[in-house]
Amino acid sequence: MSDVPWRLAARSLKRDLRSADVRALFVALVLAVAASTMIAFFLDRLERGLERQAGQMLGGDLVLEQRSPFSDELRNTLQAAGFALSDQVDLVSMISLGERFQPASLKAVDDAYPHYGVSYVDVGNGAEPFERGPLAGEAWVDPRLAQLIEIELGDRVQVGQTELTVSGIVEREADQSGGFGNFNPRLMLNTADLEATGLVQEGSRVEFELLAAGPPQALDQVQGLLAELRRAGVDVRDVRVDRPQLGNALQRADRYLGLAGLAAVLLAGVAVAMSARRYVERHLDTAALLRCFGASQQQLMVLFSLQLIGLALVASVIGALLGLAGQAILLRLLVSFLPMTLPPPGVTPLWLGILTALAVLVGFAGPTLLRIKRVSALKVLRRELDPLPPSAWLVAGVAASVFGGLLWLYSGSLPLAVALLLSGGVLLTVLWGVSALLLNGILHGVKKLAGVGEWSQALRLGARQLARRRQAGVGQLLAFSVTFFAMAMIVLVRGDLLSTWQSQLPDDTPNYFAINIQPAERDPFEQAVAPRVDTQSTLYPMVRGRITAINDQAPMEAVPEDARGDGSLRRELNLTWQAELPEGNQVVAGEWFTRQQSVPAEPQGWLNAVDATPQPDIVPISMEEELASRLGLSLNDTLTFSIGGDELTTRITSLRSLNWDSFKPNFFVIFPPGVLEQFGHSYITAFHLPDEEQGLIRQLVSDFPGVSLLNVDAILGQVRDVLAQVTRAIELVLMLVLLAGISVLYAALTASQPIRAHESGLLRVFGAGNRMISRIQGAEYALLGFTSGLMGAALAEVATAALYIYWLDLTPRLHITLWLALPFGGALLIGIIGHTLSRGLRRQAPAASLGLLGEA
Amino acid sequence: MSRPVLQAEKLTKTVTSGERKLAILNQLSLSVAAGESVAILGKSGAGKSTLLGLLAGLDTPSDGELRLFGQPLSRLDEDGRAALRAGRVGFVFQNFQLLPTLSALENVLLPLELSPRAGEDHTAQAWLDKVGLGERVDHLPKQLSGGEQQRVAIARAFVTDPELVFADEPTGNLDPDTGAQIIDLLFTLNREAGTTLILVTHDHALARRCDRCLRLDQGQLLPLDPNTVGGGQ
């Protein structure tokens, strides 16, 4: 006897493709693979796209910054690791044109600039893209500098000891990150001219930057070196760590897609489990016959496993191709966001897809398949001799373990997978009980339904049919509930995610920042702006200060080794004072200033600290939590600031979280009122200027020449673009999940078709007309759908609340429409699908439908 | 008489129904020689199918010993008994037991696929020719009449050149004319192949064609003279 019945397996599979359960199994597997590969491909590319974009904002994949030139040794090491290098020098100096002088921040770039992206520069024909910086002997200035000292293209400006020809007005720098640390107008020059300016000298405040661009492997290779550099006080910005701006929204999108992918896989798993059950039932006779002809148990297992694995492999290939096509569509949707030079899709997601298909098959169909092994040959003579179905615990346990493994694989977090699985398990057990009760209750209610109309009769009969096979009914109810739940959750999360994004960046999100408003200009500025803008944030006072000591130690010694190069220690921080917690800020530790702190009994109380006389009260401050964590600071640590030559010692009394994506002024450190007022300060504000009021800018520039106005429309537009594109991507994935859900319904209803055929055959024999049977079946499906919808709504509500709190960082809310839409929608959906599916059965003659159960 | 193909000694099968033990077969003994055809008659519920299941090794007796091809079945496990049947035992069932998704040819090939002779498609084709369905090899069972389906089942039973064929009410689901044709076919093939045939039936016409007739009554087999078996059904 041949051990592996290949031919038989192939032949049976080919024939089996005609039967509804195998088709349902196939569709479910294809969907599982398509969803998982598409999302894997997409996330892979999204990740790379984000990294590239962050790299563009930073100016490279890796940016090093220090006060002295970088050594050749370091350059050689980085180049050997596969990085291309570019040098940049930043300093502040006075620029003059004739009699007009203006301090400007100078950025000297070499010929390798920029690594990524292009600058938009007006060299006389409007803004054009340039993949380089200014040439030697030339300078590019920003419009503000041009306006302030009235520079025309071709003018020669004095920079230090040399003169440069202004050859362009920079509209947008390739690596402009949108940060507001530097408020001076900008002048770009070539590093070749730097020496001639004579500005780089011992002791001058110059920042040397080394921008490196290279593949992720290169970054991995130099991690040890980077840690060393951080300890040596070099500011190291790694594209993977310091990803600015878009962070939050995309991180949520990323998680959402992962979640949707898992939901699709779970749904497909349920569909596989249900079709597998029908498949096995249909093949019990075949198995018995084969036993009769002398097949061993092992041969049976091999035969049926081969068929299913063959099915899974074909489904994997088709699913993976669909996944590839799907990610190509996603890519098209995201084309303006993702860089064009992405490497081709890797093969990892393909393997992941095949693995997913096999795992879903083994996990959700495996235990059921074992039933075939236990079939007795005697069944050919006595057909009632069916082997017992596997225990529900075994089926659920194996499926849960496999799904848990997939959760782990996809989320990369074991605790999350275990937690989700455990709570899922508990929930399912509770659900089983609740569904049984709920079904009983509803059936009981329907049976008592008064009325003699055809519909109430149909409802009563339908309910009785459901009640007759309660066990199967509860199983189906559970499957439908989980399906509705998964579909509803994905829809709910999508809606809430999108509305959160929209509310985060409403139409009146500030598009201008005004900086450097002097105290005397404060009121006139406010009066000029207020009537013409949609929204305006508070005018925050701003004082610049440098951290000089942490807990009475030098900052470099007090912070963790890898934070020694942190920008916050190297530059001046923008400090402000506020009595109230600014909007969008949340105290996460300690307490916000009390009134007593902010309005001191002795107005000069804290000023004594400045005089360095011992004082019981040290100035309380509130610090942003991420900075505190980077610097290893916690509540009650003391910080000494140097402000305008004076020293001020403070104590951290609260930590705040804040939303960096808000396009409003945000501060790392906030003081209570009554402390910083004595120092030189200016004000900062942000406002939204409607398109038709753009004239205000010209007026502000002429009335308040000292005030810097920054237009962030471009950055805001970019963020909105990304959100819009990600939204479309999410909708595509949502479609996939809904399809997976429908495949479950199809599989489940297909699985129960023979038994319904038998019932309708009996009813027909007893004289029920086509219309009556159709109504009874419709009523049964609708009852099932209604109950499942109710359960699904409850599940979705609980699960989304948990997800929002623990994973997506959104505020949970009650979805009332869900409680109406799901039960009635469920009744309608199941009613329609079930009714349509069994239309063919109703047309059969009773003899045929009664015989259907008897066929192998 | 040659070496017995099948030998049952004091075969007993009891089932428990609630507290009660019911003996369906009671110390029954039987010996069937190679090439012999034996009919087992009995009323509905007499335990004919139970006996057939035991004789074919599809079920295990509560007591007694059964030797198939000289091998004591009690020493074999389920897989061992299946291996013993493979290629050596053929079956014809009352409800045909054709796989609905396989064509006539594929149904006939099924037992071959499980034997070392896998791949002998021409053998299956030859058997379908013999039963008069050579032109309908690609038809699915549902496209064939009951008589035609049983012909396919007979071709399937003989395709492996078995030493022993069990038939369980082979005409039970057929009208008398078709049943008669099937009986002719079954006995012709049986004679040509020299196969041992054990058939369970309540069709007296069918029983009369056998070398030996036995009646199952109260768990015991009683001999009947084939010539005196009542006419008709």
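So that the names make sense, note that chain A is the first sequence line, chain B the second, and so on, each numbered from 1.
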Any side-chain heavy atom of F93(B) within less than 4.5 Å of one from C292(A)? yes

Is the number of heavy atoms from other residues, nucleotides or ligands within 6.0 Å of CD (Q218(B)) greater than 12? no

Heavy-atom distance under 4.5 Å between the side chains of R156(B) and L289(A), does that happen here? yes

pair R291(A)-D79(B): side-chain heavy atoms closer than 4.5 Å: yes

Counting only non-hydrogen atoms closer than 4.5 Å, does L140(B) touch chain A with its backbone (N, CA, C, O), its side chain (CB onward), both, or neither? side chain

Nearest 0.5 Å please: distance from the CG atom of L99(B) over to the CG atom of L290(A). 7.0 Å

Which atoms of E78(B) are under 4.5 Å from chain A, going by heavy atoms: the side chain, the backbone, both sets, or neither? both

A295(A) and A82(B): which non-hydrogen atoms are nearest, and at how many Å? O-CB, 3.5 Å

Report the residue from L58(B), L54(B), T50(B) that forms a side chain to side chain contact (heavy atoms under 4.5 Å, CB included) with L378(A). L58(B)

Give a yes or no on this: more than 12 heavy atoms of other residues, nucleotides or ligands lie within 6.0 Å of atom CD of E9(B). no

Nearest 0.5 Å, what's the CD-NZ distance between Q97(B) and K379(A)? 8.5 Å

